[in-house]
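Structure record follows, encoded as structure tokens.
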Amino acid sequence: QVQLVESGGGLVQAGGSLRLSCSASGSIFGIRVMGWYRQAPGKQRELVADVTSGGTTNYADSVKGRFTISRDNAKNTVILQMNSLKPEDTAVYYCYALKWTNYWGQGTQVTVSS
């Protein structure tokens with residue numbers, strides 16, 4: 001199985017930056033996609049960004065131009081650099097990895113104050 005560990009969440013002021021990291025371990029062979037979802041209270045989980053093993057990236061419209069996702073396949077690590085943060089970015093951010101199905105991290109809290 002795949003285990004995912006996130007780090008980098010915290011509390012920042014609007015306009016600030018955070019860098020989230022996710023490291024995969026276990027049965028990592030065959031991981032096709034890694035990325036991030038987020039879920040705010042009372043809202044459904046939504047895709048933030050992901051990156052394929054070939055390097056193709058995808059972003060939610062709400063974060064384009066502000067967030068950047070990158071992946072180190074050799075280290076099985078994915079990074080989400082979040083700049084120009086807004087209060088509406090406040091959520092628990094979950095790392096995921098796709099093989100035959102999705103594997104999920106425990107989540108890391110991001111809080112953006114106004």
Side-chain angles (χ1 to χ4, degrees):
Q1 299 298 103
V2 175
Q3 295 83 44
L4 302 172
V5 179
E6 303 110 324
S7 64
L11 192 156
V12 298
Q13 291 182 291
S17 298
L18 284 173
R19 183 177 184 267
L20 305 184
S21 298
C22 175
S23 296
S25 61
S27 299
I28 60 176
F29 180 81
I31 293 177
R32 305 168 186 173
V33 183
M34 293 185 69
W36 297 87
Y37 278 72
R38 67 186 181 187
Q39 188 166 29
K43 297 185 180 297
Q44 61 184 293
R45 186 173 294 192
E46 64 174 350
L47 177 68
V48 178
D50 58 26
V51 57
T52 70
S53 59
T56 301
T57 58
N58 178 55
Y59 297 92
D61 288 341
S62 60
V63 307
K64 286 181 179 177
R66 301 188 297 120
F67 292 8
T68 302
I69 191 168
S70 60
R71 179 179 178 180
D72 185 334
N73 288 334
K75 296 183 177 181
N76 298 295
T77 299
V78 64
I79 303 296
L80 185 67
Q81 178 66 48
M82 305 187 294
N83 298 325
S84 302
L85 283 161
K86 304 174 180 179
E88 51 262 46
D89 295 318
T90 295
V92 177
Y93 284 70
Y94 297 91
C95 178
Y96 79 94
L98 175 64
K99 291 176 68 176
W100 295 268
T101 186
N102 276 346
Y103 296 88
W104 296 94
Q106 292 297 305
T108 184
Q109 177 70 48
V110 171
T111 303
V112 185
S113 65
S114 59

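This chain uses plain numbering: 1 for the first residue, then up along the sequence.
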ask   = At their closest point, which heavy atom of Ala40 faces which heavy atom of Ala91, and how far apart are they?
value = N-CB, 3.9 Å

task = For Gln44, look at atom CD and say whether over 12 heavy atoms of other residues, nucleotides or ligands are found less than 6.0 Å away.
result = no

query = Is there a side-chain contact (heavy atoms from CB on, under 4.5 Å) between Leu18 and Leu85 once you walk through the steps?
reply = CA-CA 8 Å; Leu18 284 173; Leu85 283 161; 4.1 Å; yes

query = Of the non-hydrogen atoms in Val2 and Ala24, which two are nearest, and what is the gap between them?
reply = CG1-CB, 4.3 Å

query = side-chain contact (heavy atoms from CB on, under 4.5 Å) between Val78 and Trp36: does it pass, once the steps are laid out?
reply = CA-CA 9 Å; Val78 64; Trp36 297 87; 3.9 Å; yes

task = Look at the side chain of Glu6 and the backbone N and O of Gln106, then say whether any donor-acceptor pair between them is shorter than 3.5 Å.
result = yes

ask   = Checking side chain to side chain contact (heavy atoms under 4.5 Å, CB included) against Ile69, which of Leu20, Val63, Val51 comes through?
value = Val51

ask   = What's the spacing between Gln13 CD and Ser114 OG if we round to 0.5 Å?
value = 9.5 Å

Arg19 side chain near Ile79 side chain, heavy-atom distance below 4.5 Å = yes

request  = Would you confirm whether Thr108, through its side chain, and Gly9, through its main-chain N or O, come within 3.5 Å as a donor-acceptor pair?
outcome  = yes

task = Begin from the C-alpha positions of Ile31 and Tyr103 and carry the test side-chain contact (heavy atoms from CB on, under 4.5 Å) through to its verdict.
result = CA-CA 10 Å; Ile31 293 177; Tyr103 296 88; over 6 Å; no

task = Run the salt-bridge test on Lys64 and Asp61 with the 4.0 Å N-O cut-off and return the result as yes or no.
result = yes

query = Going by heavy atoms in the side chains, are Ser17 and Gln81 under 4.5 Å from each other?
reply = yes

ask   = Got a sec, which pairs hit ring pair (Phe, Tyr, Trp, His ring centres under 6.0 Å) with one end in residues 7-30, sequence neighbours left out?
value = none

task = Quick one: sort the Tyr93 and Phe67 rings into parallel, tilted or perpendicular, breaks at 30° and 60°.
result = tilted

request  = State whether a side-chain donor-acceptor pair under 3.5 Å links Thr77 with Asp72.
outcome  = no

ask   = Hey, mind stepping through Ile28 and Gln3 against side-chain contact (heavy atoms from CB on, under 4.5 Å) and telling me if it holds?
value = CA-CA 9 Å; Ile28 60 176; Gln3 295 83 44; over 6 Å; no

key: Met82 side chain reached by Val12 side chain, heavy atoms, under 4.5 Å   = no

query = Taking all non-hydrogen atoms of both residues, which atom of Arg71 and which atom of Ser53 are closest, and how far apart?
reply = NH1-N, 3.1 Å

ask   = Ser84 and Arg66: which non-hydrogen atoms are nearest, and at how many Å?
value = O-NH1, 3.0 Å

query = Judged by atom type as modelled, is there a donor-acceptor pair below 3.5 Å linking the side chain of Thr90 to the main-chain atoms of Val112?
reply = yes

message = A cation-pi test, strictly: NZ or CZ of Arg38 under 6.0 Å from the centre of the six-membered ring of Tyr94 and no more than 45 degrees from its axis. Yes or no?
response = no

inquiry  = Is a donor from one side chain sitting under 3.5 angstrom from an acceptor on the other, for Tyr37 and Asp50?
reply    = no

inquiry  = Given 3.5 Å as the limit, does a donor-acceptor pair link the side chain of Arg32 with the main chain of Leu98, or not?
reply    = no

request  = Check whether any side-chain heavy atom of Trp104 lies under 4.5 Å from a side-chain heavy atom of Arg45, and answer yes or no.
outcome  = yes

ask   = Has the side chain of Ser27 got a donor or acceptor atom that lies under 3.5 Å from a matching backbone atom of Gln1?
value = yes

query = Distance from Leu80 atom CG to Ser70 atom OG, nearest 0.5 Å?
reply = 8.5 Å

task = Determine whether more than 12 heavy atoms belonging to other residues, nucleotides or ligands lie under 6.0 Å from atom CD of Glu46.
result = yes

